[in-house]
2 protein chains.
Amino acid sequence: MPAPLLTKPEILGRLMNLFREKGFDGASLSDISESTGLGKSSLYHHFKNGKEEIALQVLAHLEEQLERALFEPMRSTEAPRKKLGRMLDTIDTFYEGGKRACLLERLCASVDSRRFRRPLGHAFNVWIDAVEVLGVESGLPRAVARRRAEDLVVRIEGALVVCAGTGNTSVFARVIRDLRESVLAPLPRRAVRRPKRRV
Amino acid sequence: MPAPLLTKPEILGRLMNLFREKGFDGASLSDISESTGLGKSSLYHHFKNGKEEIALQVLAHLEEQLERALFEPMRSTEAPRKKLGRMLDTIDTFYEGGKRACLLERLCASVDSRRFRRPLGHAFNVWIDAVEVLGVESGLPRAVARRRAEDLVVRIEGALVVCAGTGNTSVFARVIRDLRESVLAPLPRRAVRRPKRRV
DNA sequence: GTCTATACGTGGATAGAC
DNA sequence: GTCTATCCACGTATAGAC
């Protein structure tokens with residue numbers, strides 16, 4: 001029983017929740033119709049290219065949300081560690097402590113994720129970039145900051161998968177906790193890594 | 001054009017590849033029929049409960065494979081670090097350097113993953129357990145070994161997601177490389193961690 | 001812009017012959 | 001045990017009235 005009239009952002013917000021819950025393949029047009037209160041034909045009025053365009057717009061909507069809620073606060077003048085903590089809080093809330101899925105991951109797992117590869121890649125990269133900036137701000141070499149930023153995203157996505165698979169959200173909680181320390185930790189004293197020979 | 005007669009393990013192997021590629025929802029009975037060379041009716045002869053039972057048997061098949069290829073070698077008398085390296089080599093090969101997906105993750109992402117939660121949770125846990133044992137063998141406190149074992153699985157799953165999303169497999173390669181060092185690294189000198197107060 | 005009605009394919013699953 | 005033929009529900013998408 002959806003509200004009679006929803007704004008575009010409201011519609012996209014509901015659809016994001018739907019896709020996070022059911023995935024792209026799992027969310028049928030009937031589901032989409034129900035969760036937005038729009039008839040199927042109306043959907044094709046708003047999204048001329050059907051389901052694929054819906055997903056693309058939801059993805060764009062997510063990026064806007066991320067920009068406002070996650071990245072923009074990172075450009076304040078606060079201490080990097082403080083900003084990292086804020087980001088992790090937001091992430092923890094967004095995923096409800098590991099109970100809810102990631103839209104990006106759900107789209108990656110859709111039947112032909114290649115259709116979404118470009119926007120998906122972009123979304124992952126802006127996220128990684130934002131964390132990398134924090135690392136550089138706090139004095140880490142760019143390469144190290146990059147590595148750790150990738151690691152943050154990798155660990156969060158991985159924790160969500162493991163939590164979904166085991167039903168045990170404590171893994172997610174611990175990952176979030178660890179990241180607060182590890183992402184911006186200063187380099188150990190004499191840890192000038194010798195580059196390993198490749199095989 | 002599949003071979004005329006396949007053994008059960010061969011069938012399950014092909015189906016595992018299929019599910020890894022297309023996911024549970026994305027693999028139709030027609031796909032399943034084609035990749036095994038069995039007509040739909042024959043499938044129901046082998047798997048009386050249909051698609052769901054197929055997935056369950058494929059999962060069981062995976063666990064057998066893991067036992068032989070991954071866990072059993074861990075029970076040798078070699079040095080733990082050597083065994084860890086062997087496990088990571090096997091994993092790297094299994095995922096083809098990040099290019100191929102994880103069956104567990106694909107099933108987690110299926111429409112109602114709850115049907116598979118029990119076997120999925122089991123599969124994740126036996127994997128984590130095996131790594132934990134290595135940690136304990138190499139002298140780590142059990143809690144630390146457990147944490148790091150979870151971390152290994154989390155990072156691998158996360159790296160696969162990020163690689164699938166970005167198309168950049170270097171993240172997977174780096175994660176594997178890091179894990180060789182980090183999982184069994186000795187605890188730092190005076191790093192007797194004070195337990196953090198919970199909020 | 002929204003609806004009702006419908007088209008058309010394909011999904012999973014079965015019947016029953018061989 | 002495998003096949004051909006078929007069932008029905010539901011998938012996405014469209015037509016056309018209002």
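Chain letters run A, B, ... following the sequence lines, proteins first and then strands; every chain starts at 1. These values consider heavy atoms only, across backbone and side chains, with no hydrogens, waters or symmetry-generated copies.
- Summarising the geometry, the separation between NZ on B:Lys22 and P on C:dT10 is reported as 12 Å, rounded to the nearest angstrom.
- Within the cation-pi definition used here (under 6.0 Å to the ring centroid, within 45° of the axis), B:Lys99 does not qualify as a partner of B:Phe94.
- The nearest whole Å value for the distance from the CD1 atom in B:Ile11 to the C1' atom in D:dG1 is 11 Å.
- Rounded to whole Å, atom C1' of D:dA13 lies 15 Å from atom CZ of A:Phe47.
- Under the 3.5 Å distance criterion, with hydrogens and angles disregarded, a donor-acceptor pair is assigned to the side chains of A:His61 and A:Gln65.
- With rounding to whole Å, B:Leu38 atom CG is found 15 Å from D:dT4 atom C1'.
- Counting any heavy atom pair closer than 4.0 Å across all strands shown, B:Ser28 reaches sugar-phosphate atoms only and no base atom.
- If B:His45 and A:Ala27 are placed on DNA chain D by their nearest nucleotide, the residue sitting closer to the 5' end is B:His45.
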Open item on the list: Let's go through A:Ile91 and A:Trp127 carefully: what are the C-alpha distance in whole Å and the side-chain angles of both, what is the deciding distance for side chain to side chain contact (heavy atoms under 4.5 Å, CB included) to 0.1 Å, and is it a yes or a no?
Closed with: CA-CA 11 Å; A:Ile91 288 171; A:Trp127 187 5; 3.7 Å; yes
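- Atom C1' of nucleotide C:dG12 and atom CG of B:Asp112 are separated by 14 Å, given to the nearest angstrom.
- Of the possible polar contacts, none joining the A:Lys83 side chain to the A:Leu134 backbone as a donor-acceptor pair under 3.5 Å is found.
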Could you run down the sub-3.5 Å N/O contacts of the protein with nucleotides 14-18 of chain D?
unit_1, atom_1, unit_2, atom_2, d
D:dT14, O4, A:Ser41, OG, 3.2
D:dA15, N6, A:Ser41, OG, 2.4

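- Geometric assessment of A:Lys8 against the ring of A:Phe47 yields a positive cation-pi assignment under the 6.0 Å and 45° thresholds.
- Between the CD1 atom of B:Ile32 and the C1' atom of C:dG11 there is a distance of 11 Å, rounded to whole Å.
- Distance NZ (A:Lys51) to C1' (C:dT10): 14 Å, rounded to an integer number of Å.
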Open item on the list: Test side chain to side chain donor-acceptor pair (under 3.5 Å) on A:Glu63 and A:His122; report intermediate values, then the result.
Closed with: CA-CA 9 Å; A:Glu63 281 212 46; A:His122 184 264; 2.9 Å; yes
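- When rounded to the nearest whole Å, the span between CG of A:Leu29 and P of C:dG11 equals 16 Å.
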